[in-house]
Every structure is written in structure tokens, then in C-alpha cells.
Amino acid sequence: MAIYRFTVNESPIVVDLPGMRRLLDVLREDLALTGTKEGCGEGECGACTVLLDGTPVDACLVPICQVEGCIVETVEGLASTEPGSDLPPTLDRLQAAFLKTGGAQCGICTPGMLMAGRAYIDAGGGPDDDAIREAIAGNLCRCTGYTKIIEAIALASGQDPAA
Amino acid sequence: MGIEPSVTSPRLLHDAYAILAERPVRPIAGGTDLMVALTAELGEPPDQIVDLWGLDELRGITVDSGALSLGALTTYTEIRRSAVCREHLPVLVEAAATIGAAQIQNRGTLGGNVANASPAGDTLPVLLAADATFVLGSIRGERTVASSEFWPAYRRTALAPDELLLRIRIPLLAGREMRFRKVGTRRAQSISKVVMALGWRDGEPAEPRSVAAPWTEVRLALGSVAATPIRARATEAALEGRPPTPETADQAAEALAAELHPIDDVRSTAEYRRIVAARVLHRLIREAGGW
Ligand SMILES: Cc1cc2nc3c(=O)[nH]c(=O)nc-3n(C[C@H](O)[C@H](O)[C@H](O)COP(=O)(O)OP(=O)(O)OC[C@H]3O[C@@H](n4cnc5c(N)ncnc54)[C@H](O)[C@@H]3O)c2cc1C
Ligand code: FES
Ligand code: FES
């Protein structure tokens, strides 16, 4: 056991845990942030994608000892809530785009797709089909056939995908 | 994961050496091989792990003494973004781009690919064909091992139990040409069925009128066709001193098909691998010859 300090969605976190525990388990079990999903546990499916210091990683492959001092962003951090308000959270642009295009069906891949898409947009990616496909190549979806996910990311990347 | 091994995260290479000198400890770099093995409970789990991720001494891409030097912790994303790599060894950038997808490229390291010693490791043929050397270190000091000596048997390396891979060094030769080809099932995230790297330098044309210069210092290395990544030395000899003509390509492809003894496994058959390897080589020579 050891003390590890990092931030998750801007909240400072201090945990006392075995250093080889997977970031995925720390999020889901120790911090009760179950938005991040486990699909394969082997780096193949991307359902567990979170941002670590701004870059997408598979949380099932990162031991918590390597998260010391890092900034973690998960799907729970995308929508924003007014402090002290009872109103439902406001979806971020990318989440709203997924709703609009029908980018989510069963939803198991969605948190990972959103984080991979978020990283793509944050890095300045635009509505370019091939570049979006490469950005989500590590994320599997069994339902949508990807087209609507790509449309959603293109839409949220700020420009008209048809342009 | 069942049992969680204990882990230490040193910040200085010297401290890592001290930990490794005490008793056998398993290193972890980006974890993209090791975490999968631990989760799947493959093999005897290590009870103690040393986390290399904080060792900044194992990072950085530089050119010094006529060689490109990459720290063992260099990730595929760093290789893809490196102007130095793009200038001096674009074929490594090309290979890095075929590994996994973004999530894997952001964590997976070149040193991990080398130390993991999978016969399917995609950068390994590139390193072999480029005559890379590996700098290893322990409390006992540093030593250099040639890539052609580093993988003695299936999933074995020249690393002693207390040693770490520190750097990968690739001599920069003026006029060296290199090509890379990976054959897998799909573009992203697939383990290769055959992976090949070819290197050569153009020699002096035999007669003034001949268009294609003969190749010298030919290197041909392959992955996924044997228990270790290999150099195809008989085929290299068949190519040495020859220009990239259709005749050369036919003979080299034949030599390679005769030289390889791949195996059948879940990803492919021996016959497929042999035929594909020969075709891929033929095509690389054709492209280089421009016919
Ligand atoms: C979904 C997925 C897709 C993949 N796709 C590919 C692919 O297309 N091509 C490919 O080649 N590989 C692929 N891999 C395998 C893996 O990503 C690479 O082999 C990667 O380079 C391993 O590096 P790492 O830093 O993550 O290694 P780790 O998992 O940290 O370590 C791997 C092994 O090397 C040892 N080690 C690591 N660094 C050192 C060091 N400096 N000194 C001594 N020992 C060390 C460790 O003890 C361990 O035994 C894939 C893996 C996954 C999960
Ligand atoms: S659960 Fe992590 S990649 Fe599938
Ligand atoms: S929506 Fe079901 S897996 Fe993608």
C-alpha cells in the first residue's frame, strides 16, 4: 500500500492503495465513478478510455502508481452542473452531438468513445473522416457501425461535416 | 486482477539498479504487455515490480556520435511526433504508426517492445535491419548488445535478471534506404502475421549505362515467421551486390520462401506466411526498382 495523489475531473484525490491496482478499478470501485466501463480488460476495446494528462489511455492497462501527480479526466467530467443547482447537468458539445446523431445505442462503448473523441477535438482535430477513424481505432462498438459516432465527433469538432 | 504484486516507483536509475540488485523484480514500463499478462493471470505472477515510468533518464530522442539514440521509455506517440526520427529513421515512424491504436501508442514503449521479445513485435525487424544496438545497465555497469544477438530463443533476451534496457542506438548511415511492411488482419490494433523490414545502400553501377545501382549492405529482417525476430541472411546474400531488377526480385522471393520455416498458429498458417513474406519482398524490390 502507498499513498497516491492525483486529480480526477478537477477534484484532488488521495488514495492509500496497492500501486499495481488498475486505474480502472480505482475509478470504479474505490472512487465509485462507474461511468468508465470495462469491456475486455486487455487494451483491445477502449471502453475504459480516460484522459491521462490530456491523452487517451486504456484505464485497464495503467497501474495507479503511474497516475501519481497526474490529471485524470473521465466521462463524468464532461457534463457541467451549476454549483448548488437542482437542474440536470448540461451536456458538453460532444455528448450533445452523440444524442443528435444517434451515436449511442446500447451505450457500453460510449464513455470511451466520448473520451477518445474529446481528446481528438482538444488536439485540434476537425471533421475529417479518416482522422476521426484513426482517433477511435482503439474503441470498439458492436452496435452503431461507427458512422453515427464519426458524425457526432465531426459535428462537435465545430465545423459542418459536409463542408 | 487477483493478487496485486507490490511495486516501487524509483525516480533515479541508480535506485532502480539497487532494487534490482537485491532480488528478482519485474520491470514495468508502459504496461501494455505486462498489465494484460497480469490481468489474464498468464504465467507465474511476479510478487514484486519495479515501475520504470518515473525514470526520466530513460526518455529522450537524440542524435549523438553518428547514431540515433532513443531512451527505452520512448513511446510510439513520441516516435511519431519526433522530427528527429522523421528525418533520420522515417521507417521507425511508419512502424510505430501501425502499433495498436492511440491508447496503446500513448503508453507502449520501444524498450517494452524490445524487452518483451515477442516474435510479433513490430519494431523489432526495423531495429534488426537498421543494425541497432541496445545499451543495458545494472549496478554492475553498462554494456552494449547488438540487436542480432539480443533474442537468443523464443521470448528470451540477453538481459540479465538485474539489468534494464536503457537506450536503443541506431547507427546513421549516409544513403541508407529502408522499407517496412506489416501484414495483419485489419489496419489498427492487429498483431502481425508477417512483418518485414528491408535496408540497403546504393552501390556504384557496374557499367555507366545501367540505370539501377546494385544494392550493398542489404539487411532483411522479419517478425512472426519464427520463434524470434530474425535476419534472413541467405536472402540478404542473394540480394547483395544486385540491382533491384525483376530478375533479382524473383530470385530473392524464391530464396526467402526457401529460407523461412514459419509455424501454423491461431493467427495464420505456415504456408500463408511463407507465400506472403515472399510476395511482400518481391513488391518492396519492385517498388524500389520503379518497374
Ligand atoms: C491492444 C494492444 C495492441 C497491441 N498492438 C501491438 C502491435 O500492433 N504491435 C506490437 O509490436 N505490439 C503490440 N502490442 C504490444 C505492446 O503494446 C508493445 O509490445 C509495447 O511496445 C510494450 O511496451 P510497454 O512499455 O507497454 O511494455 P511493458 O508491458 O511495460 O513491459 C513489457 C515487458 O518488457 C519488460 N520491460 C519493459 N521495459 C523494460 C526495460 N527498459 N528494461 C528491461 N525490461 C523492460 C517488462 O518487464 C515486461 O516483461 C499491443 C498491445 C495491446 C494491449
Ligand atoms: S477494458 Fe480496457 S480496453 Fe477493453
Ligand atoms: S453503442 Fe453498443 S457498443 Fe457502441
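Order of the sequence lines sets the chain letters (A, B, ...), proteins ahead of strands, with each chain counted from 1.
Judged by distance alone, with hydrogens and angles left aside, the side-chain atoms of A/E73 form no donor-acceptor pair with the main-chain N or O of A/V8 at under 3.5 Å.
Heavy atoms of A/C40 lying under 4.5 Å from chain B are absent altogether. Heavy-atom distances place no part of A/I136 under 4.5 Å from chain B, backbone and side chain included. Both the backbone and the side chain of B/T32 come within contact range of chain A, each with at least one heavy atom under 4.5 Å from a heavy atom of that chain.
A salt bridge links A/E38 to A/R22: at least one charged side-chain nitrogen sits closer than 4.0 Å to a carboxylate oxygen. Electrostatic pairing of B/R59 and B/D56 counts as a salt bridge here, judged by a charged N lying under 4.0 Å from a carboxylate O.
A side-chain contact (heavy atoms from CB on, under 4.5 Å) with B/L52 holds for exactly one of B/L164, B/L165, B/T109; it is B/L164.
Between chain A and the options B/T8, B/V7, B/I49, the largest number of non-hydrogen pairs under 4.5 Å is found for B/V7. Your options are B/D33, B/I28, B/L34, B/T77, and the one with the most heavy-atom pairs under 4.5 Å with chain A is B/I28.
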Please list every donor-acceptor pair under 3.5 Å in which a side-chain atom of residues 114-126 of chain A meets a protein atom from a residue at least two apart or in another chain.
| from | atom 1 | to | atom 2 | distance (Å) |
| --- | --- | --- | --- | --- |
| A/R118 | NE | A/D122 | OD1 | 3.2 |
| A/R118 | NH1 | A/D92 | OD2 | 2.4 |
| A/R118 | NH2 | A/D122 | OD1 | 3.2 |
| A/Y120 | OH | A/G126 | N | 3.3 |
| A/Y120 | OH | A/G126 | O | 2.5 |

